[in-house]
2 protein chains.
Amino acid sequence: MHTERIRLASLHDKVMSAAEAASLIEDGMTVGMSGFACAGDAKAVPFALVERASREPLRISLVTGASLGNSLDKHMAESGLLARRMPFQADPALRKAINAGEVMFIDQHLSETVEQMRSHQLKRPDITVIEAVAITEDGHIVPSASVGNSANLAEFAEQVIVEISLRYGSNLEGLHDIYIPPHRPERPPIPLVSVDQRIGNTAIPIDPARIAAIVISEYSDSPSKVLPADADTQAIANHLIGFFANEVEHGRLPRNLGPLQVGVGSIANAVMAGLVDSPFENLSMYSEVLQDSTFELFDAGKLDFASGSAIVLSETRGAQVFGDFERYKERLVLRPQEISNHPEVARRLGIIGINTALEFDIYGNVNSTHVGGTHMMNGIGGSGDFARNAQLAIFVTKSIAKDGAISSVVPMVSHVDHTEHDVDILVTEQGLADLRGLAPRERARVIIDNCVHPAYREALSGYFAAACERGGQTPHLLEEALSWHINLDKRGHMLAAD
Amino acid sequence: MHTERIRLASLHDKVMSAAEAASLIEDGMTVGMSGFACAGDAKAVPFALVERASREPLRISLVTGASLGNSLDKHMAESGLLARRMPFQADPALRKAINAGEVMFIDQHLSETVEQMRSHQLKRPDITVIEAVAITEDGHIVPSASVGNSANLAEFAEQVIVEISLRYGSNLEGLHDIYIPPHRPERPPIPLVSVDQRIGNTAIPIDPARIAAIVISEYSDSPSKVLPADADTQAIANHLIGFFANEVEHGRLPRNLGPLQVGVGSIANAVMAGLVDSPFENLSMYSEVLQDSTFELFDAGKLDFASGSAIVLSETRGAQVFGDFERYKERLVLRPQEISNHPEVARRLGIIGINTALEFDIYGNVNSTHVGGTHMMNGIGGSGDFARNAQLAIFVTKSIAKDGAISSVVPMVSHVDHTEHDVDILVTEQGLADLRGLAPRERARVIIDNCVHPAYREALSGYFAAACERGGQTPHLLEEALSWHINLDKRGHMLAAD
């Protein structure tokens with residue numbers, strides 16, 4: 001009966017099979033689930049739902065922290081279970097259904113979903129499913145490898161289902177810091193003033209009467225799929241390290257740089273890992289997802305503390321970290337994504353935000369989400385929460401893609417997620433553009449000279465010069481502004497001739 | 001010698017002519033000046049600078065709170081004084097110079113300028129000129145009708161020039177609340193938790209040794225030029241009032257709505273004035289600029305308290321308010337724009353942000369700044385500070401302009417200032433689109449059905465339907481997406497045939 005995991009005895013009779021628990025979820029419901037970047041997602045119950053959806057009409061609105069592992073979003077999309085999905089996803093099959101208009105996807109700043117539920121701007125979940133490592137004597141829920149939106153989704157739901165994961169040790173208890181901002185009006189400030197501060201509880205407070213079911217789960221989290229660093233990502237890291245060194249030298253950054261936020265994915269992870277060989281010490285992170293690079297930096301003695309909302313590791317690194325967790329635990333905290341990404345905290349701490357761009361334009365507007373301006377890749381995630389409020393908002397990308405058919409720097413982005421007001425530094429393997437304090441025409445010159453691949457530099461210079469002839473604060477040739485994307489779509493290369 | 005205005009006797013020998021004070025400013029300097037939306041700008045010294053610039057090489061980088069009155073930006077631009085200008089302007093002559101590429105204009109979120117200076121991301125002013133109603137016994141500066149960036153620009157400058165305005169009574173003292181966030185790291189939370197709270201000083205703290213000159217000024221602020229309400233703005237106000245009433249009825253807003261922020265300009269002012277005849281009482285404002293409508297609401301007994309960064313009134317209303325200031329003073333506070341617009345405070349208080357759009361697209365992206373995607377109108381101002389962090393981010397505009405040649409709703413905005421993630425409600429005289437919790441395809445349907453002028457509805461519906469055929473989260477026909485703007489430019493009407 002796993003009494004050491006379910007420490008409130010009166011809940012023991014709530015243990016049931018995943019199928020029984022899933023039967024609490026009805027067609028048309030809004031369902032909350034734990035899960036952030038493949039960490040700590042509910043698994044047993046969603047798989048049971050997929051099975052049910054193959055037999056009966058069952059469509060739900062699904063709200064999670066962020067993306068899910070175990071191909072859950074794929075299975076749920078393909079079974080027809082998902083009518084609506086928010087606030088983030090990263091699955092090819094779900095992406096296909098979203099772009100076909102079959103699943104309504106609400107792409108949100110990750111700090112905002114639960115805030116909007118709190119003030120009833122968004123519908124609250126009828127039922128929420130959370131993966132946990134334990135339930136305390138008080139009936140409170142100890143999450144597993146992510147917090148995400150779990151605490152708030154549990155708070156707002158009428159019923160809660162807990163999946164007790166036997167794959168994570170109960171020694172994860174103490175890792176989490178659950179702080180929930182009170183309702184407005186007269187909400188007090190969030191008291192967090194340093195990355196290592198604990199301001200909440202180690203478990204999700206909940207009236208145990210709302211725990212409707214407990215499922216014992218043997219499922220594992222999916223390992224992260226970050227690619228190893230390559231010459232381009234190493235070059236990006238080197239440009240950034242050189243920039244940071246210059247900032248420190250001129251007194252614009254402290255010697256430990258200040259709290260770092262690093263987006264999910266191979267490029268950002270490689271940039272972070274590049275700091276292992278940098279001169280900077282006593283680093284700290286105030287980020288969303290802690291990846292392999294966080295633990296590389298711990299092991300190298302470079303990193304003092306890391307605050308995040310999820311721990312997402314490769315298979316090897318995951319076995320090592322969770323197999324020797326006491327070694328790291330005192331230097332880690334996982335917070336609700338509302339707090340890890342909160343504008344109030346990001347601005348107060350003065351984080352350095354490093355996120356990946358899909359493309360950016362000569363004025364520094366960034367597209368993080370839409371391929372060709374129309375087709376969703378993953379979602380904006382936390383990049384907007386961080387870029388807007390960071391002390392330094394940095395976006396990185398390789399200068400070209402698809403063997404050079406695509407330039408990541410274009411005349412005008414086909415979709416805007418971050419406006420030029422929110423973008424300070426752009427980096428490709430070609431170089432770094434420091435846009436601080438520059439007007440758009442100056443930004444264009446710095447971006448073209450530093451970030452663009454040589455194969456595209458002349459074309460962009462020509463576009464910019466012709467646009468300046470027409471004038472404007474942000475010169476453009478509207479009839480050509482999106483022609484690179486149209487070329488790519490019709491002719492397979494951004495610079496293909498008619 | 002105006003000893004009642006300059007209460008620190010040791011400063012009396014700093015009184016000099018505007019020309020003498022202006023001589024402290026050298027070619028190439030970065031200069032800070034008070035002034036926000038035509039309120040409380042320095043005037044005597046900038047006019048003296050304009051005079052100097054007609055005789056000698058003199059180019060400066062000018063940083064203010066926001067736009068200036070007395071055609072100061074026009075005179076400074078036309079004299080060639082301005083090499084660089086930030087963070088906002090609203091002058092036709094300066095606009096022309098900006099769009100010609102003659103003045104480098106850095107268009108910023110108004111809460112961010114001094115934050116970027118604090119962390120040395122932006123160059124600090126060499127010298128700052130501030131209009132004041134008095135200097136205290138401690139040598140601290142009591143601003144006039146705006147705070148804007150004055151406190152911080154004074155803090156960061158090596159030298160400060162004070163213009164003592166004899167046009168405002170010294171009874172403005174006590175109106176202001178100067179709070180300056182400490183430097184990072186370990187900055188405490190901003191303690192503000194309600195609109196009427198005072199958290200700082202009534203004057204700008206400064207070492208009086210840095211006051212290099214004092215100029216006695218007889219200049220007046222320019223009156224605001226808001227247009228009276230018309231049938232369209234009244235219709236917009238009515239749509240909003242109906243929406244608010246429904247939100248209150250369903251428990252999503254409190255009976256007093258919560259703190260209101262209202263952008264500068266005729267449409268926003270008319271919407272606010274429309275609340276005089278609404279059922280809502282005990283209203284409060286947490287805004288940037290307090291316009292005539294604020295005082296109409298006070299006089300109607302509807303408004304309890306208004307917090308802003310500037311008071312900008314028409315000639316008649318200004319004479320009445322400042323002639324009878326004690327009547328209003330206890331219900332008013334002016335704060336630094338960093339605080340009036342701060343993400344931390346806007347999010348905590350859960351403001352309702354109402355701002356004017358230049359155009360928006362069928363997915364709810366908003367252009368606030370660039371005519372035809374290229375030519376700067378005024379700047380983003382505080383709209384981004386508020387829209388991102390508001391409980392409800394509302395944008396208003398008339399559905400057509402230029403006798404119908406322009407639709408304010410377009411297939412794709414030609415420039416993005418606010419992305420769909422940050423826009424909850426759109427209102428034109430045609431109706432109101434409630435976009436909360438909707439995916440882009442759903443947003444398009446609601447916007448087209450509710451906000452578009454009948455003359456453009458069929459064309460937009462057709463565009464949307466054809467785009468959906470191609471698929472995507474945000475369907476577009478890239479080759480037609482900007483064609484309405486191109487048509488307008490080439491043929492004088494957005495729907496003109498070839």
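The model shown is predicted, which means the values in this text are computed figures rather than measured ones. All values below come from the heavy atoms of this structure, side chains included, with hydrogens, waters and symmetry mates left out. Every chain is numbered from 1 and lettered A, B, ... according to where its sequence line falls, protein lines coming before strand lines.
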For the interface with chain A, which of [options] has the highest count of heavy-atom pairs at distances below 4.5 Å?
| options | answer |
| --- | --- |
| B:Glu479, B:Arg348, B:Gln391, B:Arg441 | B:Arg348 |
| B:Ser194, B:Ala100, B:Pro475 | B:Ala100 |
| B:Arg443, B:Glu442, B:Met376 | B:Glu442 |
| B:Val345, B:Thr369, B:Asp417, B:Leu122 | B:Asp417 |
| B:Glu186, B:Glu247, B:His370 | B:His370 |

Inset, instruction - Take A:His418 and B:Val416, measure what side-chain contact (heavy atoms from CB on, under 4.5 Å) needs, and give me the verdict at the end. - result: CA-CA 9 Å; A:His418 311 287; B:Val416 177; over 6 Å; no
Search all heavy atoms of [X] against all heavy atoms of [Y] and return the closest pair with its distance.
| X | Y | answer |
| --- | --- | --- |
| A:Val193 | B:Arg187 | CG1-O, 3.5 Å |
| B:His421 | A:Glu112 | O-OE1, 4.1 Å |
| B:Arg388 | A:Asp385 | NH1-N, 4.3 Å |
| A:Asn389 | B:Pro343 | OD1-CG, 3.5 Å |
| A:His485 | B:Leu478 | CB-CD1, 3.5 Å |
| B:Ile106 | A:Gly437 | CG1-O, 3.6 Å |

Legend entry - A:Thr419 and B:His415: CA distance, side-chain angles, deciding distance, side-chain contact (heavy atoms from CB on, under 4.5 Å) verdict: CA-CA 9 Å; A:Thr419 73; B:His415 179 90; over 6 Å; no
Contact winner vs chain B - [options], heavy-atom pairs under 4.5 Å:
| options | value |
| --- | --- |
| A:Arg184, A:Arg436, A:Met104, A:Gln116 | A:Arg184 |
| A:Gly384, A:Gly258, A:Pro191, A:Pro254 | A:Gly384 |
| A:Asp489, A:Ile380, A:Leu392 | A:Ile380 |

From [atom1] ([X]) to [atom2] ([Y]), nearest 0.5 Å:
| X | Y | atom1 | atom2 | result |
| --- | --- | --- | --- | --- |
| B:His476 | A:Leu482 | NE2 | CG | 9.0 Å |
| A:Leu435 | B:Gln121 | CG | CD | 12.5 Å |
| A:Gln108 | B:Glu420 | CD | CD | 9.5 Å |
| B:Met412 | A:Met412 | CE | CE | 8.5 Å |

Heavy-atom distances under 4.5 Å only: say whether [X] touches chain B with side chain, backbone, both or neither.
| X | value |
| --- | --- |
| A:Ser483 | neither |
| A:Ile190 | backbone |
| A:Pro185 | neither |

Inset, instruction - Take B:Arg84 and A:Leu438 through the side-chain contact (heavy atoms from CB on, under 4.5 Å) test and state the conclusion after the steps. - result: CA-CA 9 Å; B:Arg84 309 177 73 74; A:Leu438 299 186; 4.3 Å; yes
Inset, instruction - Please say whether more than 12 non-hydrogen atoms of neighbouring residues, nucleotides or ligands are located less than 6.0 Å from NZ in A:Lys96. - result: no
Legend entry - A:His109 side chain to B:Asp422 side chain, donor-acceptor N/O pair below 3.5 angstrom: yes
Inset, instruction - Please flag which part of B:Arg252 lies under 4.5 Å from any non-hydrogen atom of chain A: side chain, backbone, both or neither. - result: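 Both parts, backbone and side chain.
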Legend entry - Side chain / backbone / both / neither for B:Thr113 at chain A, heavy atoms under 4.5 Å: neither
Inset, instruction - Test side-chain contact (heavy atoms from CB on, under 4.5 Å) on B:Arg347 and A:His342 and set out the steps. - result: CA-CA 9 Å; B:Arg347 177 90 168 241; A:His342 205 288; 3.6 Å; yes
